[in-house]
Novice: 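Below is one structure. I have some questions about it.
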Amino acid sequence: MLFAVSHTIALSDSPRHWIESMLELCDISMEYYDKHHKDFLSVGVSEKNKEYKEIIDESIKRSY
């Protein structure tokens with residue numbers, strides 16, 4: 001979700017800063033995020049993860 005939402009932030013250095021702040025709030029390490037933030041793009045991603053990604057994308061579209 002953070003990866004998808006970060007693409008809506010226009011300033012070049014702001015997305016990474018926003019992600020870092022959100023990860024800190026959620027107590028998730030940057031190392032973990034860096035290893036897994038694109039998992040939803042993999043061929044073997046579960047249907048639940050695909051559905052979740054679609055919900056996030058639709059929410060972002062509606063926010064504009």
Side-chain angles (χ1 to χ4, degrees):
M1 177 185 75
L2 296 177
F3 181 70
V5 173
S6 72
H7 283 105
T8 67
I9 301 172
L11 301 175
S12 63
D13 64 336
S14 295
R16 188 69 173 186
H17 176 72
W18 180 81
I19 289 169
E20 289 170 352
S21 299
M22 294 301 293
L23 291 173
E24 185 176 335
L25 288 171
C26 297
D27 198 27
I28 298 171
S29 73
M30 184 57 87
E31 293 80 17
Y32 181 87
Y33 173 80
D34 284 339
K35 288 180 182 177
H36 298 285
H37 73 278
K38 291 187 179 178
D39 287 355
F40 70 92
L41 296 174
S42 69
V43 175
V45 69
S46 72
E47 285 302 315
K48 290 288 185 186
N49 282 338
K50 286 180 188 177
E51 291 172 14
Y52 182 70
K53 170 74 167 81
E54 290 171 6
I55 291 168
I56 296 301
D57 287 345
E58 184 61 30
S59 297
I60 290 169
K61 287 178 190 174
R62 290 181 184 188
S63 71
Y64 285 109

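Quick caveat: nothing in here was measured; it's all calculated off a predicted structure.
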Novice: Residues two or more places apart in sequence or in another chain: which of them pass side chain to side chain contact (heavy atoms under 4.5 Å, CB included) with Lys48?
Specialist: Ser46, Glu51

Novice: Thinking salt bridges, do Asp34 and Arg16 make one under a 4.0 Å N-O criterion?
Specialist: yes

Novice: Indicate yes or no: does Asp57 engage Lys53 in a salt bridge with an N to O separation below 4.0 Å.
Specialist: yes

Novice: Donor-acceptor pairs under 3.5 Å, side chain of residues 21-31 to any protein atom, not counting sequence neighbours: which ones?
Specialist:
{"residue": "Ser21", "atom": "OG", "partner": "His17", "partner atom": "O", "Å": "3.0"}
{"residue": "Ser29", "atom": "OG", "partner": "Tyr32", "partner atom": "N", "Å": "3.0"}

